[in-house]
Amino acid sequence: MLLRLPTSVSEAQECMAEGAVPIGGATLVWATWQRDGFPEQAMSLRDLPEANTIGRETLGGAVILNRIDDRVPEALRRAAATVGTGAVRRTATVGGNIVGSTLRCLLPAALVLEARAMVLDPDSVYETDLTEVLAKGHLLLGLRWRDPITSAYRKLPGEAGGPPPLVVAAALHTAGTGGTRLRVAVRDGYDVLTEGTEYDAGSDSEQVLDDLRRTAVGALHATAWEAVHELVTDLLSRPTGR
């Protein structure tokens, strides 16, 4: 197998056009290749600057999970820190986790940040929503979002060999009306649900939670709602900071 390491977008597009299979840390495909055979060409974006950005409002698709630090919002940072083992986090990438994994531990955090995806295809680079990326398996160049007021993420303990542990993420954003917008995402099993509500400065936490309770998130089972209630209550108690 020939591993290609493009250093520019145009070079990466050339690799794609010539049939190179995109990989990140290969943590999700290596066993399959060993069983079924390796492709003739593979391509990693680890040397592509556009895929390696880390900042307050951007995260590259080729960024290794253990490189994600306090330059990004808390929800993303905590999500990355809970993925697999230390060995996995030293190899796995943002794009591999969101697009290639069935667990997608980073997805709830990205959704509550209202992140948009930068996608690389053989002919163009364009921005789209995460729903399209997941549905079509696009090559993720990176994520972009507007820095939230604050955010949080929690993964509940899981049982070895059992179903995926419940994940809850939440973020507060400044709304265009001058109020505040709350976004919440829950991973229950392999499904991810996201909802939101807006409120003004005069609203108390119970009123906000009552509004959220009337959404699809409020219709989840008791364990999920308890986790949402706890995380959102914490979030509303610290309205500033990251």
Side-chain angles (χ1 to χ4, degrees), residues 54-59 61 63 65 68-83 94-95 97-99 101 103-118 127-134 140 142-156 164-177 179-199 203 205 208-209 211-220 223-242:
I54 305 177
R56 291 177 65 87
E57 298 185 336
T58 183
L59 184 63
V63 172
L65 299 186
I68 298 175
D69 54 25
D70 59 7
R71 286 173 287 179
V72 304
E74 179 184 327
L76 268 178
R77 183 173 72 252
R78 291 190 180 277
T82 67
V83 174
V94 171
N97 183 270
I98 291 178
V99 183
S101 170
L103 293 177
R104 296 170 176 149
C105 296
L106 300 186
L107 180 60
L111 289 172
V112 299
L113 293 178
E114 302 178 343
R116 298 279 292 173
M118 297 304 299
E127 182 179 299
T128 188
D129 59 57
L130 287 168
T131 301
E132 179 183 327
V133 172
L134 299 180
L140 183 67
L143 300 173
R144 293 180 181 174
W145 61 87
R146 290 188 177 180
D147 198 31
I149 299 170
T150 189
S151 66
Y153 180 97
R154 188 164 300 158
K155 179 186 285 187
L156 273 62
L166 185 80
V167 166
V168 180
L172 299 180
H173 301 266
T174 300
T177 58
T180 303
R181 182 170 64 256
L182 168 68
R183 296 293 298 178
V184 174
V186 179
R187 188 191 73 190
D188 186 19
Y190 293 95
D191 298 323
V192 178
L193 174 67
T194 182
E195 289 285 355
T197 185
E198 290 191 13
Y199 62 95
S203 302
S205 61
V208 177
L209 284 161
D211 290 342
L212 187 64
R213 184 76 173 179
R214 288 191 284 270
T215 71
V217 166
L220 291 170
T223 300
W225 174 250
E226 182 180 352
V228 169
H229 188 286
E230 183 178 344
L231 190 70
V232 170
T233 299
D234 171 70
L235 200 70
L236 295 175
S237 72
R238 48 179 175 109
T240 61
R242 297 174 69 214

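In what follows, every heavy atom counts, from backbone to side chain, and hydrogens, waters and symmetry copies are set aside.
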Could you please spell out the steps behind the side chain to side chain contact (heavy atoms under 4.5 Å, CB included) verdict for R181 and T174? CA-CA 6 Å; R181 182 170 64 256; T174 300; over 6 Å; no

Worked verdict on E57 versus R71 for salt bridge (charged side-chain N to carboxylate O under 4.0 Å, His left out): CA-CA 9 Å; E57 298 185 336; R71 286 173 287 179; over 6 Å; no

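In terms of modelled atom types and a separation under 3.5 Å, the side chain of K155 and the main chain of A79 share no donor-acceptor contact. A distance-only check finds no donor-acceptor pair linking the side chain of T58 to the backbone of I54 [under 3.5 Å]. Judged by distance alone, with hydrogens and angles left aside, the side-chain atoms of N97 form a donor-acceptor pair with the main-chain N or O of C105 at under 3.5 Å. The backbone N or O of D191 sits nowhere less than 3.5 Å from a side-chain atom of D188 that would complete a donor-acceptor pair. Panel note: side chain R104, backbone S101; a donor-acceptor pair is recorded below 3.5 Å. A donor-acceptor pair under 3.5 Å links the side-chain atoms of R77 to the main chain of V72, judged by distance alone. In this structure, the side chain of H173 does not engage the main chain of T150 through any donor-acceptor pair within 3.5 Å.
Atoms OH and OG1, on Y199 and T180 in that order, are 4.5 Å from each other to the nearest 0.5 Å. M118 contributes atom CE, which lies 14.0 Å from atom CG of L59 (distance to the nearest 0.5 angstrom). With rounding to the nearest 0.5 Å, the separation of CD in E74 from CG in L235 is 8.0 Å. E226 CD to L156 CG: the interatomic distance, rounded to the nearest 0.5 Å, is 8.5 Å. To the nearest 0.5 angstrom, E114 atom CD is 13.5 Å from L143 atom CG.
Within 6.0 Å of CZ on R78 lie no more than 12 heavy atoms contributed by other residues, nucleotides or ligands. Atom CD of E132 has more than 12 heavy atoms from other residues, nucleotides or ligands within 6.0 Å. The neighbour count for R144 CZ, taken as heavy atoms of other residues, nucleotides or ligands under 6.0 Å away, does not exceed 12.
The minimum heavy-atom distance linking A152 with R238 is given by the pair CB-NH2, 3.2 Å. Shortest non-hydrogen contact noted between L130 and A117 is CD2-CB, 4.1 Å. When all heavy atoms are compared, the tightest approach of L65 to V94 is CD2-N, 3.9 Å. The shortest heavy-atom contact between T223 and L166 is O-CD2, 4.1 Å. Considering every non-hydrogen atom in both P108 and A185, the closest pair reads O-CB, 3.6 Å. Nearest approach of A227 to V168, heavy atoms of both residues: CB-CG2, 3.8 Å.
With a 4.5 Å cut-off on side-chain heavy atoms, Y153 and V112 do not count as touching. Residues T197 and T215 form no side-chain contact, since every pair of their non-hydrogen atoms from C-beta on lies 4.5 Å or further apart. V232 has its side chain within reach of L212: a pair of non-hydrogen atoms, C-beta onward, lies under 4.5 Å apart. Between V208 and L182, the closest side-chain pair of non-hydrogen atoms falls below 4.5 Å. Between W145 and L76, the closest side-chain pair of non-hydrogen atoms falls below 4.5 Å. A 4.5 Å side-chain heavy-atom check between S151 and R183 finds every atom pair outside the cut-off. At least one side-chain heavy atom of L236 sits under 4.5 Å from a side-chain heavy atom of L172. Residues V167 and R154 have side chains not in contact (no heavy-atom distance under 4.5 Å, counting atoms from C-beta outward).
E198 pairs by the salt bridge (charged side-chain N to carboxylate O under 4.0 Å, His left out) definition with nothing, not counting sequence neighbours.
Taking the charged nitrogens against the carboxylate oxygens, R213 and E195 have no contact shorter than 4.0 Å, which rules out a salt bridge.
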